[in-house]
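Working notes for the structure below.
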Amino acid sequence: MPLVKREIQPVFVSRGLDVIPKGITNELECVTNCTLSSVIRQLSNLARHAEDVFAELYTEANFVFKKSNALQDRIDRLSVKVTQLDSVHDEDTLEGYMSQIPYHNTFNTGDQVILDNGTLPLALQETRALCEKVPSLSLLDPYREDGKEALKMYTNPKYFFELWCQDMQKNINEDEKKKEKGKESGGKETEETSPTNQLK
């Protein structure tokens with residue numbers, strides 16, 4: 001199911017009036033005015049989404065700019081060090097560099113907490129705020145006869161983790177079966193299964 005990030009409202013501009021109020025002498029003019037006001041509301045909503053899109057683009061471009069500047073500074077420092085090295089006089093120092101601890105990257109720490117609610121774009125935060133809250137089904141737990149959690153009948157936040165655990169357990173079991181088969185056969189190839197006989 002696709003997730004709509006931004007939805008422009010109102011969708012149907014001519015359906016603002018279900019019933020024309022009494023006392024309106026010119027019904028066509030009333031419907032036209034309602035349609036026009038809906039179009040104006042739609043355009044203002046579109047302008048707000050456009051501002052949000054450009055703000056996201058600005059944030060991403062600023063992030064890329066900062067990273068490229070930091071990378072350019074590192075390249076400049078490295079090029080200065082490389083031009084100062086002399087292979088004849090600095091042979092001892094090159095051996096010293098080779099015997100040092102391998103390089104550890106401290107530049108790229110990586111993004112953390114990327115699935116937090118605070119990292120959601122503004123449009124998705126607004127959509128999430130419109131969603132209904134999860135019902136308090138945990139209040140029904142004492143009345144269940146099977147002892148299961150009532151909330152899991154509606155939603156289970158651990159579903160994908162449990163699915164992953166089952167998949168990993170299945171892979172482990174398959175690996176163990178392969179090892180047992182290898183031990184039973186003694187690790188020796190028969191004439192039928194040897195690669196030379198298969199090529200014939």
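From a predicted model like this one, the values you see are computed outputs, not experimental measurements.
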Interatomic spacing from [atom1] in [X] to [atom2] in [Y] - rounded to 0.5 Å:
X    : Y    : atom1 : atom2 : value
C34  : E29  : SG    : CD    : 10.5 Å
I172 : Q169 : CD1   : CD    : 5.0 Å
N45  : S38  : CG    : OG    : 12.0 Å
K170 : C165 : NZ    : SG    : 15.0 Å
Q42  : I40  : CD    : CD1   : 11.5 Å
L78  : T83  : CG    : OG1   : 9.5 Å

Note, [X] side chain near [Y] side chain (heavy atom, < 4.5 Å):
X    : Y    : answer
S138 : E149 : no
R48  : D52  : no
N33  : C30  : no
L36  : T32  : no

Can you name the nearest heavy-atom pair linking [X] to [Y], along with the distance?
X    : Y    : result
I20  : V31  : CD1-CG2, 4.0 Å
A150 : L137 : CB-O, 3.2 Å
K5   : T127 : O-OG1, 4.1 Å
D146 : R144 : OD2-NH2, 2.7 Å
I8   : H49  : CG1-CD2, 3.9 Å

Do other residues, nucleotides or ligands put more than 12 heavy atoms under 6.0 Å from [X] [atom1]?
X    : atom1 : answer
Q125 : CD    : yes
E51  : CD    : no
R15  : CZ    : no

Handout entry: F161-M168 co-clustered via ILVMFWY side chain contacts under 4.5 Å
Key =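 Yes.
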Practice task
Please list all pairs passing the side chain to side chain donor-acceptor pair (under 3.5 Å) test where one or both residues lie in residues 157-168, with sequence neighbours left out.
Solution key: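 As it turns out, there is no side chain to side chain donor-acceptor pair (under 3.5 Å) pair with a partner in residues 157-168 once direct neighbours are skipped.
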